[in-house]
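The structure appears right after this line, and notes come after that.
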Amino acid sequence: MIPTQTLSRFIHAQRRRYPDSTGELSDLLVSISLGVKLISQMVATAGFKGLHGYTGETNVHGDEVKVLDEEADEVLVELLGSSGHFGLLVSEERDSVISTDATHNEGKYVLAFDPLDGSSNIGSSIPTGTIFCIFRKKDESRSAINDDFCQPGTNIVAAGYSVYGAKTSFVYSTGSGVHGFTLDPSIGEFVLTDHDIKVPERGTIYSVNEGNTAFWDERVKEYVESLKRHDATAKGPYTGRYVGSLVADFDRTLRKGGVFLYPVDAKRPLGRLRLLYECMPLAFIMEQAGGAAINGPDRVSELVPSDIHQRSALITGSPHEVNAYRSIVHGSTR
Ligand code: AHG
Ligand code: MN
Ligand code: MN
């Protein structure tokens with residue numbers, strides 16, 4: 001069968017719907033998709049090359065850096081930094097904002113990414129992934145500045161993620177629905193497999209690191225217990241699934257519904273995940289698919305990062321489960 005809807009054709013077809021568009025964003029998305037193809041190949045072959053170990057460095061979050069974290073970061077910084085479209089980049093693996101090239105940050109957009117999410121799972125055949133989001137500079141007449149990353153998720157121009165698992169997938173949104181692609185290794189192209197993904201209104205799966213129960217607030221414990229009770233109006237107690245790679249847990253939640261949560265707790269009062277390049281892009285995707293994403297009391301998409309590496313809680317998934325969290329834990333239904 002001839003794959004008529006490859007990712008690049010789809011992106012360009014979407015662009016043609018906006019006659020004034022310069023095509024810059026389309027170029028960027030195609031560049032990102034090339035980056036994730038390269039990372040996917042690195043992840044798949046790392047075992048043969050002995051690349052599953054640590055670099056000996058610790059990143060800004062205090063995590064030990066894996067060789068693959070660093071390699072994935074370099075691929076994206078080199079590829080996207082030289083594209084001419086991005087003023088500045090933020091990577092989970094770099095302490096400060098990255099200046100792109102000698103053109104003095106003239107690009108129209110800024111990009112934040114987690115080059116390799118779930119890298120602690122490398123070496124055990126568990127999926128990992130890449131997450132990104134793109135903002136337009138606050139003022140296009142000047143060079144990009146760090147403050148261009150301090151925008152709410154409602155200003156995101158495009159966001160997406162890739163999962164390197166049993167297949168390599170690429171899921172993205174530019175604000176007109178969420179579209180999913182699968183890498184066809186025989187032609188090296190992403191092919192459209194899931195047009196306009198919508199999260200079910202209610203699901204049957206919950207996803208949380210229950211090893212943290214002792215640190216949770218009583219109301220979070222109560223919420224998770226409520227999911228485990230048999231409920232006559234539901235299909236029964238929820239099923240638990242926790243991969244420990246956010247992209248993989250999120251991808252399942254998006255497609256099957258239910259809830260993923262990493263709440264604040266006594267050990268991590270600000271949350272575990274990163275706001276700018278984990279929570280905000282995924283919240284954008286989930287909302288575009290008809291779902292919800294909150295940090296507890298507030299909608300993630302309305303938060304404005306004050307620090308590029310700021311932590312956040314994340315509760316995301318089907319509207320039903322996220323609303324139940326809001327009502328049990330925060331006593332509100334908003
Ligand atoms: P990263 O590998 O990019 O540092 O992200 C790790 C994150 C995320 O992938 C996952 O959901 C979470 O860490 C797992 O945390 P716990 O081990 O605390 O459950
Ligand atoms: Mn991550
Ligand atoms: Mn990472």
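Numbers here simply count residues along the sequence, with the first being 1. Atoms within each ligand, like the ligands themselves, are counted from 1 in listed order. Keep in mind that this is a model prediction, so the values were computed, not measured.
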Part of Leu246 with heavy atoms under 4.0 Å of ligand 1, whether side chain, backbone, both or neither: both

Residue-ligand contact Leu116/ligand 1, heavy atom below 4.0 Å: yes

Enclosure of Glu210 CD (heavy-atom neighbours >12, cutoff 6.0 Å): yes

Close-contact set for ligand 1 against Ser245 heavy atoms, below 4.0 Å: 9 (O)

Pair Glu225 + Lys228, salt bridge at N-O below 4.0 Å: yes

Options Arg272, Glu92, Arg268, ranked by nearest heavy atom to atom 13 (O) of ligand 1, top entry: Arg272

Whether Asp114 has an N, O or S atom under 2.8 Å from the Mn ion (ligand 2): yes

Three-point angle Asp117:OD1, the Mn ion (ligand 2), Glu278:OE2, rounded to the nearest 10°: 100°

Distance filter under 4.0 Å to Asp114 heavy atoms, resulting ligand 1 atoms: 3 (O)

Ligand-side contact atoms (ligand 1) for residue partner Tyr262, heavy atom cut-off under 4.0 Å: 15 (O), 16 (P), 18 (O), 19 (O)

O (Leu116) to the Mn ion (ligand 3) to OE1 (Glu92) angle, given to the nearest 10 degrees: 170°

Protein residue, atom and distance nearest to atom 5 (O) of ligand 1, heavy-atom basis: Asp117 OD1, 3.2 Å

Enumerate donor-acceptor pairs with a distance under 3.5 Å from any side-chain N or O in residues 149-162 to protein atoms, sequence neighbours excluded.
| unit_1 | atom_1 | unit_2 | atom_2 | d |
| --- | --- | --- | --- | --- |
| Gln151 | OE1 | Asn155 | ND2 | 2.9 |
| Gln151 | NE2 | Arg136 | O | 2.8 |
| Gln151 | NE2 | Asp148 | O | 2.9 |
| Tyr161 | OH | Asp251 | OD1 | 2.6 |
| Ser162 | OG | Ser169 | O | 2.6 |

Selection from Arg274, Glu210, Glu278, His61 by shortest heavy-atom distance to atom 4 (O) of ligand 1: Arg274

N/O/S atom of Asp69 inside 2.8 Å of the Mn ion (ligand 3), strictly under: no

CA sep, side-chain torsions, deciding dist, call: Tyr223, Tyr325, ring-ring contact (aromatic ring centres under 6.0 Å, His included): CA-CA 6 Å; Tyr223 172 71; Tyr325 182 95; 5.0 Å; yes

Neighbour count above 12 (heavy atom, 6.0 Å) for Arg241 CZ: no

Ring centroid separation His179 to Phe170 under 6.0 Å: no

